[in-house]
Amino acid sequence: MVSDLKDDLKGKKVLVRVDFNVPIKDGVIGDDNRMTAALPTINYIIDNGGKAILFSHLGRVKTEEDKKALTLKPVAKHLAELLNKPVTFVPVTRGAQLEDAINNMKDGDVLLVENTRFEDLDGKKESGNDPELGKYWASLGDIYVNDAFGTAHREHASNVGIASNMKAAGKKAAAGFLLEKEIKFLGNAVDNPAHPFVAILGGAKVSDKIGVINHLIDKADKIIVGGGMAYTFYAAKGIKIGNSLVEKDKIELAKEIMEKAGDKLVLPIDNVCAEKFDNDAPSKVVEGDIPDGYMALDIGPKSVEEFENVLKDAKTVVWNGPMGVFEMPNFAKGTLEIGKFLGTLTDATTIVGGGDSTAAVKKLGVADKLTHISTGGGASLEYLEGKTLPGIAAVSDK
Ligand code: AMP
């Protein structure tokens with residue numbers, strides 16, 4: 001990891017892949033968690049006399065028009081405020097302007113390169129890990145540090161491309177502190193959890209979480225299933241689901257999972273059911289069968305109690321996916337209650353696996369009570385599926 005390179009950093013051009021893919025509206029940064037999460041690595045590099053040359057993507061660049069909305073310029077400005085020092089922004093991703101700016105850096109300086117996905121306009125060079133691009137970017141530096149967990153499940157020029165070219169040239173590549181932290185928490189939870197280990201899975205679709213269920217089925221002591229995906233399991237059990245979300249082509253698979261999981265699998269007992277998908281729709285709490293004309297949009301109070309009962313002795317909890325339509329205040333209670341309860345489990349390692357669940361715990365104000373909130377949605381899901389993430393493998397010695 002980057003701390004192993006402490007004595008190598010002085011005077012070196014350190015290429016750092018960060019994840020500054022933050023929400024920006026009218027030039028103003030929304031949630032800057034991903035930026036603050038990268039500060040320890042950036043500060044470590046510059047405090048040890050390195051020159052930090054930062055790369056990040058922002059959104060998806062498909063047209064020339066997208067470039068205006070997806071420039072990293074406002075991010076550079078915000079980063080300068082966070083670091084309390086100037087950040088040089090280079091509005092291109094290659095060429096003399098970039099090379100000159102790098103050559104003019106002094107020890108401890110910070111430079112941010114324009115959105116790496118500007119390279120996607122000309123044949124998906126960044127997202128397709130174009131060999132020439134990875135080689136070019138690698139040629140700009142002496143050391144490479146990957147600190148972008150959010151894209152670690154992708155094989156892009158700015159992570160795998162640079163890392164492999166650096167290594168091929170005999171230069172060092174390492175993981176940053178954020179990447180290490182993600183690996184430590186998610187990795188330990190999956191490979192070496194303190195028991196009881198409880199996984200909470202929610203969100204819209206069973207199909208998105210099959211890989212996680214299959215991987216955790218032998219490792220977890222209980223798997224709690226809530227949210228829209230629970231009703232495909234209801235259908236598999238022959239419980240009526242009304243107009244609730246269902247993946248008909250996954251009902252057989254849900255049966256197989258239930259058979260394999262036995263009493264490890266915990267489903268909601270009751271649900272908040274509404275007449276339509278609308279915050280203000282008339283709703284009622286129903287136990288068991290969901291009546292015709294109703295759809296389940298949140299778990300009910302008995303389910304919350306049951307889930308809390310399963311969770312109360314847990315030593316490791318991994319949570320991915322909301323328990324209901326948390327975006328609508330009238331159907332956010334189940335997610336909120338579970339989030340709040342996790343915050344009380346001071347003896348347990350509580351991990352939120354990115355994406356919508358991260359948005360949910362933040363929106364609900366419980367994020368700071370939990371042990372670890374992952375910065376990667378897709379990446380954390382793939383990690384929980386037991387997959388090797390190329391962005392991590394590229395900077396690991398193992
Ligand atoms: P995912 O991205 O798979 O984690 O799914 C998150 C989405 O699932 C959120 O937008 C929720 O509103 C939605 N969701 C959760 N529970 C339900 C439900 N009971 N019915 C419909 N959508 C749901």
Side-chain angles (χ1 to χ4, degrees), residues 23 150 153 186 199-214 216 223-237 239-248 250 253-254 257 266-291 293-304 307 318-339 342 351-364 367 373-385:
H153 59 316
L186 289 168
I200 312 172
L201 300 176
K205 292 183 177 171
V206 183
S207 47
D208 290 343
K209 312 279 155 93
I210 289 167
V212 180
I213 298 179
N214 280 336
L216 296 187
I223 299 179
I224 292 174
V225 172
M229 65 185 277
Y231 311 109
T232 298
F233 285 95
Y234 266 32
K237 282 184 87 161
I239 302 174
K240 292 210 171 104
I241 57 164
N243 296 331
S244 306
L245 212 58
V246 65
E247 283 173 279
K248 288 205 171 111
K250 295 290 175 293
L253 186 82
I257 291 172
V266 185
L267 292 170
I269 304 167
D270 60 348
N271 297 282
V272 184
C273 302
E275 290 178 14
K276 52 183 181 170
F277 193 79
D278 183 342
N279 183 52
D280 301 317
S283 68
K284 57 183 179 184
V285 174
V286 181
E287 222 172 301
D289 286 334
I290 294 157
Y294 280 83
M295 56 178 75
L297 295 182
D298 194 9
I299 55 170
K302 285 195 180 160
S303 308
V304 170
F307 290 0
V318 171
W319 182 15
N320 191 296
M323 297 290 98
V325 185
F326 75 98
E327 299 94 334
M328 297 183 190
N330 287 339
F331 307 107
K333 198 160 183 234
T335 305
L336 173 64
E337 293 291 326
I338 296 300
L342 289 187
I351 298 164
V352 177
D356 267 318
S357 2
T358 299
V361 292
K362 280 194 184 151
K363 192 166 174 213
L364 305 169
I373 312 283
S374 176
T375 53
S380 66
L381 214 52
E382 291 201 15
Y383 210 101
L384 296 176
E385 289 172 3

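Indexing begins at 1, ligand by ligand and atom by atom, following the structure's order.
- At least one donor-acceptor pair under 3.5 Å links the side chain of Glu247 to the backbone N or O of Ser207.
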Show the distances, to 0.1 Å, for all pairs joining an N/O atom of ligand 1 and a protein N/O atom that are shorter than 3.5 Å, listing one pair per line.
from	atom 1	to	atom 2	distance (Å)
ligand 1	2 (O)	Asp356	OD2	3.0
ligand 1	3 (O)	Ala204	N	3.3
ligand 1	4 (O)	Lys209	NZ	3.3
ligand 1	5 (O)	Ala204	N	3.0
ligand 1	8 (O)	Ala204	N	3.2
ligand 1	10 (O)	Glu327	OE2	2.5
ligand 1	12 (O)	Glu327	OE1	2.6
ligand 1	12 (O)	Glu327	OE2	3.4
ligand 1	16 (N)	Gly228	N	3.0
ligand 1	19 (N)	Ala296	O	3.0

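- Taking each heavy atom of Lys240 and Asp289 in turn, the nearest pair found is N-OD1, 2.8 Å.
- Partners of Pro291 according to the side chain to side chain contact (heavy atoms under 4.5 Å, CB included) rule, which considers only residues two or more places apart in sequence or in another chain, are Lys284, Val286, Tyr294.
- With sequence neighbours excluded, the residues satisfying side chain to side chain contact (heavy atoms under 4.5 Å, CB included) with Asn330 are Asn279, Asp280.
- Contacts of Tyr234 classified as ring pair (Phe, Tyr, Trp, His ring centres under 6.0 Å), with partners at least two apart in sequence or in another chain: Tyr231.
- Heavy atoms only, all atoms of each residue included: Ser374 and Thr358 are closest at O-OG1, 3.6 Å.
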